[in-house]
Amino acid sequence: MVIEERVLGGRYRLQRKVASGAMGVVFEAEDVTLGRRVAVKLLSESLSSDNTFIERFRREARSAAALSHPNIASVFDYGEDEDSFYIVMELVEGNDLAEVLKAQGPLSPERATRIARQTADALGHAHAADLIHRDVKPANILIAAGDRVKVTDFGIARATSDMSLTATGSVMGTAHYLSPEQASGEPVSPRSDVYSLGIVLYEMLTGNVPFTGDNMVAIATRHASEDVPSLKESQPETADALDEVVRTATAKDPRSRFADGASMSRALQIDVSGAETAVMPGGAAGTQRLDAQPTRALPLPSDRWNTQRVGRVVVGVAALLLLISVAAGLARLLDRKDEPVTEASPRAGITASEPAADNAVAVPRGLLGMFFDDAQARLESEGFNVERSDVESEVPEEIVVDVTPPQGADVTEGATITLSVSKGPKTAAPDKKHGKDKGPKGPHGKGKGKKD
């Protein structure tokens with residue numbers, strides 16, 4: 001039994017209980033070796049008796065301790081004291097988001113967006129380290145002074161997510177934020193964390209979670225089968241861009257969500273006043289994504305501008321620029337009419353032989369097989385422009401399957417690189433001739449199919 005003034009591992013003196021839950025109890029404690037205040041989370045006795053869980057807990061605690069990010073509560077130590085297992089963490093002064101919402105109700109769009117973006121940054125850092133939180137919820141988002149966010153419980157979350165909904169009730173307690181794939185017992189990914197954060201953002205803006213039910217299993221089932229309502233239904237004044245962020249984050253199909261926390265953070269770089277609209281990058285038909293930062297549109301003050309006059313000015317300027325561009329192009333052609341043609345791809349600026357300019361660079365290698373978002377970020381960080389071409393392929397969606405110009409080719413600085421991205425294999429048309437019954441669709445739209 002845990003009592004105050006107990007010293008764990010001969011080093012951490014428990015002083016007062018600050019939180020408790022199905023997973024265990026959190027104490028404020030003193031690190032007597034370093035003389036600092038810390039938070040110590042003791043695993044509950046019921047979980048401490050599961051050897052498989054304990055081993056996963058050890059492994060994931062080590063992984064979480066490797067994370068270093070301003071929006072992640074640092075993990076300092078892991079220990080075992082007799083039959084007790086504990087994690088020593090950074091002590092954050094403040095309340096968790098669940099307490100904030102209980103006391104204050106819905107948050108302003110500006111504040112909710114600010115908190116969500118910091119949380120997404122933290123998750124993105126963990127995702128880059130191949131660690132999935134799996135238990136994103138308000139109770140695990142600590143709010144310090146100045147709305148500084150600290151995400152916690154990375155170490156325990158991964159281990160508990162491998163347990164069934166009915167095993168101990170620990171995952172049942174977070175069913176309100178459970179992704180459809182978690183609710184269905186399917187593999188999770190960074191996109192699962194994105195879904196949960198989308199639900200948290202929905203709750204921050206409306207004051208309520210989107211799905212309720214008589215029990216946790218019923219709630220989890222709704223996550224697996226129903227679409228999250230649009231913010232516009234309860235908050236008509238919500239900015240279109242913010243509504244689209246929540247829609248994308250909470251898409252039932254993981255492939256339609258943001259790829260990871262970093263992508264969602266970029267999408268949250270928006271004006272939530274309602275004056276701007278998110279620009280959705282092109283993708284597969286019927287699919288909208290917000291993996292890139294939305295373009296900002298500045299509104300014109302109608303009481304000072306005549307829209308017809310502005311339109312004529314815009315058309316005139318566009319025509320002038322077009323004439324200048326054509327004239328410049330003709331001048332370049334006349335100046336180079338006696339030069340040998342060495343460009344194999346004028347759009348990309350690649351030369352077929354040796355580069356003729358001192359600013360020639362090589363197309364980076366290692367792009368094939370990367371996710372498009374990652375490949376795009378790498379190219380743009382090196383000064384290249386990126387174009388996307390979606391192609392049918394047996395390779396999983398969003399994976400780069402071809403690069404034009406090819407990797408290693410010499411191109412000019414700032415050249416445009418075209419990435420061919422898999423959109424999955426071509427969907428076969430139903431075989432009506434033989435009358436095959438594909439069967440009813442499940443929560444994810446996948447037909448089970450029946451054999452004749």
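FYI, the numbering just counts along the sequence from 1.
Under a 3.5 Å cut-off, the side chain of Ser184 and the backbone N or O of Glu186 do not form any donor-acceptor pair. A donor-acceptor pair under 3.5 Å links the side-chain atoms of Asn385 to the main chain of Gly414, judged by distance alone. For Lys150 (side chain) and Pro70 (main-chain N/O), a donor-acceptor pair under 3.5 Å exists by modelled atom type.
Take Arg148 and apply the salt bridge (Lys or Arg N to Asp or Glu O under 4.0 Å) test, not counting sequence neighbours, and it matches no residue. Considering only residues two or more places apart in sequence or on other chains, Tyr202 meets the ring pair (Phe, Tyr, Trp, His ring centres under 6.0 Å) condition with none of them. Among residues two or more places apart in sequence or in another chain, the side chain to side chain donor-acceptor pair (under 3.5 Å) test is passed with Ser192 by Glu181. Taking the ring pair (Phe, Tyr, Trp, His ring centres under 6.0 Å) definition, one finds that Phe76 meets it with nothing, sequence neighbours left out. With sequence neighbours left out, the salt bridge (Lys or Arg N to Asp or Glu O under 4.0 Å) criterion links Glu380 to no other residue. Applying the side-chain contact (heavy atoms from CB on, under 4.5 Å) rule to Ala251 yields the partners Ser256, Arg257; only residues at least two apart in sequence or on another chain are considered. Under the salt bridge (Lys or Arg N to Asp or Glu O under 4.0 Å) criterion, Glu93 pairs with Arg37, not counting sequence neighbours. Residues passing the side-chain contact (heavy atoms from CB on, under 4.5 Å) test with Lys232, sequence neighbours excluded: Ser230, Asp240, Asp243. Shown here are the salt bridge (Lys or Arg N to Asp or Glu O under 4.0 Å) partners of Glu30, two or more places apart in sequence or in another chain: Arg13. Residues satisfying the ring pair (Phe, Tyr, Trp, His ring centres under 6.0 Å) criterion with Phe211, sequence neighbours excluded, are His223.
Counting all heavy atoms, side chain and backbone alike, Ala112 lies closest to Met204 at O-CE, 3.4 Å. Residues Ala267 and Val245 come closest through the heavy atom pair O-CG2, 3.7 Å. Contact detail for Gly198 and Ala249: the closest heavy-atom pair is CA-CB, 3.9 Å. Contact record, Glu90 with Ala73: OE1-CA, 3.5 Å, taken as the closest heavy-atom pair. Considering every non-hydrogen atom in both Leu178 and Ala220, the closest pair reads CD2-CB, 4.3 Å. Closest non-hydrogen pair, Val400 versus Ala375, comes out as CG2-CB, 3.9 Å.
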Working for side chain to side chain contact (heavy atoms under 4.5 Å, CB included), residues Arg111 and Val100: CA-CA 12 Å; Arg111 189 181 185 194; Val100 172; 4.2 Å; yes

Side chain to side chain contact (heavy atoms under 4.5 Å, CB included) between Val26 and Val40: does it pass, once the steps are laid out? CA-CA 6 Å; Val26 179; Val40 174; over 6 Å; no

Salt bridge (Lys or Arg N to Asp or Glu O under 4.0 Å) between Glu398 and Arg388, worked out: CA-CA 11 Å; Glu398 294 300 306; Arg388 171 177 176 147; 2.8 Å; yes

Applying side chain to side chain contact (heavy atoms under 4.5 Å, CB included) to Asn140 and Thr152, what does each step give before you reach the verdict? CA-CA 5 Å; Asn140 287 335; Thr152 187; 4.1 Å; yes

Take Val228 and Tyr195 through the side chain to side chain contact (heavy atoms under 4.5 Å, CB included) test and state the conclusion after the steps. CA-CA 10 Å; Val228 174; Tyr195 181 92; 3.8 Å; yes

Please report, to 0.1 Å, the donor-acceptor pairs under 3.5 Å made by any side chain of residues 117-126, with sequence neighbours excluded.
{"residue": "Gln118", "atom": "OE1", "partner": "Asn71", "partner atom": "ND2", "Å": "3.1"}
{"residue": "Gln118", "atom": "OE1", "partner": "Val149", "partner atom": "N", "Å": "3.1"}
{"residue": "Gln118", "atom": "NE2", "partner": "Arg114", "partner atom": "O", "Å": "3.4"}
{"residue": "Gln118", "atom": "NE2", "partner": "Asp147", "partner atom": "O", "Å": "2.9"}
{"residue": "Thr119", "atom": "OG1", "partner": "Ile115", "partner atom": "O", "Å": "2.9"}
{"residue": "Asp121", "atom": "OD1", "partner": "Ser265", "partner atom": "OG", "Å": "2.5"}
{"residue": "His125", "atom": "NE2", "partner": "Ser68", "partner atom": "N", "Å": "3.4"}
{"residue": "His125", "atom": "NE2", "partner": "Ser68", "partner atom": "O", "Å": "3.3"}

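To the nearest 0.5 Å, atoms CD1 (Ile143) and CG (Asp96) are separated by 8.5 Å. For the atom pair CG (Leu8) and CD (Glu80), the distance works out to 12.0 Å, reported to the nearest 0.5 Å. One distance of note links CD1 of Ile132 with NE2 of His127; it measures 6.5 Å at 0.5 Å rounding. Distance OG/Ser49 to CD1/Ile54: 7.0 Å, rounded to 0.5 Å. Thr206 contributes atom OG1, which lies 7.0 Å from atom CG of Leu231 (distance to the nearest 0.5 angstrom). Atom CD1 of Ile87 sits about 7.5 Å away from atom CG of Asp153, to the nearest 0.5 Å.
A donor-acceptor contact closer than 3.5 angstrom is absent between the side chains of Ser196 and Asp193. Using modelled atom types, one finds no donor on one side chain facing an acceptor on the other under 3.5 Å when comparing Tyr12 with Asp81. For the residue pair Ser263 / Arg266, a side-chain donor-acceptor distance below 3.5 Å is found, with atom types taken as modelled.
Contact of the Leu107 side chain with the Leu101 side chain is registered, since non-hydrogen atoms from C-beta on lie closer than 4.5 Å. Counting heavy atoms from C-beta on, the side chains of Pro364 and Leu379 come closer than 4.5 Å. The side-chain heavy atoms of Leu14 and Leu42, taken from C-beta on, include a pair separated by under 4.5 Å. Proximity of Val200 to Glu203: side-chain heavy atoms (C-beta onward) are nowhere separated by under 4.5 Å. When side chains are defined from C-beta on, Gln182 counts as touching Arg134, because their heavy atoms get closer than 4.5 Å. No side-chain heavy atom of Val136 sits less than 4.5 Å from a side-chain heavy atom of Tyr177. Looking at heavy atoms from C-beta onward, Tyr78 lies out of side-chain contact with Val88 at the 4.5 angstrom threshold. The shortest side-chain heavy-atom distance between Phe384 and Val411 falls under the 4.5 Å cut-off.
Of the charged side-chain nitrogens involved, none lies within less than 4.0 Å of a carboxylate oxygen, so that Glu99 and Lys102 do not count as a salt-bridged pair.
For residues 208-226, the set of pairs meeting the salt bridge (Lys or Arg N to Asp or Glu O under 4.0 Å) definition, not counting sequence neighbours, comprises Arg222-Glu226.
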